[in-house]
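Notes to accompany the following structure.
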Amino acid sequence: MAENETYQALDFIREIVKADVESGKNDGRVHTRFPPEPNGYLHIGHAKAICLNFGLAEEYNGLTNLRFDDTNPTKEKDEYVEAIQDDIHWLGFDWAGRLYYASDYFDQLYEWAVELIKKGKAYVCDLTDEEMSEYRGANVFNEEGKRITPPGKNSPYRDRSVEENLDLFERMKNGEFPDGARTLRARIDMAHPNLIMRDPVMYRIMRKHHFRQGDKWLLYPTYDWTHGQSDSIEGITHSICDVSFEIHRPLYDWFLEALEIYHPRQYEFGRLNLTYTVLSKRYLRQLVEDGHVAGWDDPRLPTLRGMRRRGYTPEAIREFCRRIGISKSDGIVEIQNLEHCVREHLNKTAPRVMAVLDPIKVVITNYPEGQSEELDAINNPEDPNAGTRQVPFSRELYIERDDFMEDPPKKFFRLAPGREVRLRYAYFITCHEVVKNENGEIVELRCTYDPATRGGDAPDGRKVKATLHWVSAPHAARAEVRLYDYLFTREDPMNVPEGEDWKANLNPRSVVINREARLEPMLKDAEPGFRCQFERLGYFCKDPDSTPDTPVFNRTVALKDSWKKVQDKG
RNA sequence: UGGGGCGUAGACGAAUGGUAAAGUCACCGGUCUUUGGAACCGGAGUUUGUAGGUUCGACUCCUACCGCCCCAGCCA
């Protein structure tokens, strides 16, 4: 390895691909696919798979197909097809026109099924689903109520003649039998220790309208019968899926061998789990449908759409996927890893602005009434090319309520009676008077400023221990700010208190709406999706709910707060 | 129970028989700072699920055990 090359450890899948390419397998081609079922929205777990599949192809000058696995018309919709493509593009990947549907292969699959029947490797079975389960030896319990797995027994229809099978299968296609009356099954081994191999179903009768095939089909192929053959048709070299499909691999291989067609190889990696959230379509759907969140793009959701609306960047998500790596172990990644990647990217790219979330009025008593001025502010200290902007300053300002304490503890550096601090890009100010209402609440701070410190530096070299953000009261835009927090109160939402539902772990403060925020005026004109840092507070993203009068901002992620840590320690 | 997997610091994850185990997040301390941010420097922590075995030498090979996850849909 060259000296200036940094060592990048390969995960086990990349090791395999590397070895295959080097040995000339598949003529050195790398061709992957991402095969979502169009029955829901993509989430960050999918992002991991997308990054792996598309990333692998990029690394080896290969190709990646987008293939919709649309074999179950009861669940799939066009709406999801559009959204999934949109999300993959947003994440930063493209399939260059190689968009396919498993349903495009239904005719070929049907022919291959006929071929297997002729080879005596498939048969039409009349067992009901309960009977099939029983014959398979599934769901059997011993006296102690523990699950056992006795060998299955052959279906009484297993030995039908080829002719009869052909006839029945054709009539299944023609709609002569009611839904669920018969199935086509692979004839493998009813005593196989792997239940998947006990004569799995290849076709089921379903009189369902398919969103792409219309009413052409009355029987639909199962996942197992479809997936490997689709991979074969497309010339996929490495078919990557999550570990739950590992036990299906013998069947994947069996079909391909029985058909004697090109045989791609399946590899499995561990699916992603993240703390403080759920990552399964079933649970996400429940949250949306039961109204616990506002929709699939709710910023609290780990869906790609939700994270996009929240202000996460595709770069950050991709970097996160790179860092967590690929392995087969099933762990749970701390969400702080994701947040770190988001902060890291936004720190480099997000312009800084000033916004006061919990305003308290400050009157600069020695600043002329009715006067105002524009001050230069740096847009992003991390990016010299980001330039500067003008921020209005006047006699009446707002600062953050948290930035003042009447009786401050030793480690509190911010404003307090008699203390001087800096207003960012503006002046040093000193607090002289605290005005309270009849309830004893602070309503106003009366301060003086030092005109010599314009811009934030004292000519005499004196220092202050704190720099505060602020906005000019008469110029400020009033805004709604949505402060998001974790969706659940527990790292593992499924760790449920005795006798309660997992939704009992929902965080009641996962979003806190603030309508008192005051922003720099320029923020009114920003486009939805605009990402910025509210100095000293966090990263925020303008929400599409914004109106010309009321901008709405979502908190993407807070800045790290070491003062909070000091406080928490007491 | 059968079958398939997995077990390296709080979390993720390298190490493919050879200097008593990389990196990242989190954590702790410090420097710097017109963001108590960022950056930079430093620190702590595992002895590699357990017990045996092979070997000059094992996270890596073997045996047994333990724990966790997945399947038992005509879902994918």
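So you know, we letter chains A, B, ... as the sequences are listed, proteins then strands, and number each from 1.
- Glycosidic torsion of B:rG73 falls within 90° of 0, placing the base in syn.
- For A:Glu382 and B:rG37, a side-chain-to-base donor-acceptor distance below 3.5 Å is present, hydrogens and geometry of angles not being considered.
- Residue A:Trp563 and nucleotide B:rG36 are classified as a stacked aromatic pair, their ring centres being separated by less than 5.5 Å at an interplanar angle below 30°.
- Using a 4.5 Å heavy-atom cutoff, the side chains of A:Phe141 and A:Ile148 are not in contact.
- Among the atoms of the strands shown, only primed sugar atoms or phosphate atoms (P, OP1, OP2) are found under 4.0 Å from some heavy atom of A:Ile332.
- Of the side-chain N and O atoms in A:Lys463, none sit less than 4.0 angstrom from OP1 or OP2 of B:rU33.
- Side-chain contact between A:Pro73 and A:Met206: present, with at least one pair of heavy atoms (C-beta onward) separated by less than 4.5 Å.
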Given protein heavy atoms under 4.0 Å, the one-letter contact record of nucleotides 68-73 of chain B, with B base, S sugar-phosphate only and - none, is simply -S-SBS

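- With a cut-off of 3.5 Å on both pairing distances, the Watson-Crick and G-U wobble pairs of RNA chain B assemble into stems of 3 or more at B:2-7 with B:66-71, B:10-12 with B:23-25, B:27-31 with B:39-43, B:49-53 with B:61-65.
- For B:rG36, its base sits under 3.5 Å from the side chain of A:Arg414 at one donor and acceptor pair at least.
- Across the C1' atoms, B:rU19 and B:rA58 are found 15 Å apart, a figure rounded to whole Å.
- In this structure, A:Pro151 reaches neither bases nor backbone, as no heavy-atom distance under 4.0 Å exists between it and the strands shown.
- B:rC6 and B:rG13 have their C1' atoms separated by 14 Å, with the value rounded to a whole Å.
- Separation of the P atoms belonging to B:rC74 and B:rC69 is 24 Å when rounded to the nearest angstrom.
- Within 4.0 Å of A:Lys281, counting heavy atoms only, lies no atom of the nucleic acid at all.
- B:rU16 and B:rU48 have their C1' atoms separated by 15 Å, given to the nearest Å.
- With hydrogens and angles ignored, a donor-acceptor pair under 3.5 angstrom links the side chain of A:Glu334 to the base of B:rG10.
- Within the 4.0 angstrom heavy-atom criterion, no nucleotide atom of any strand lies near A:Phe141.
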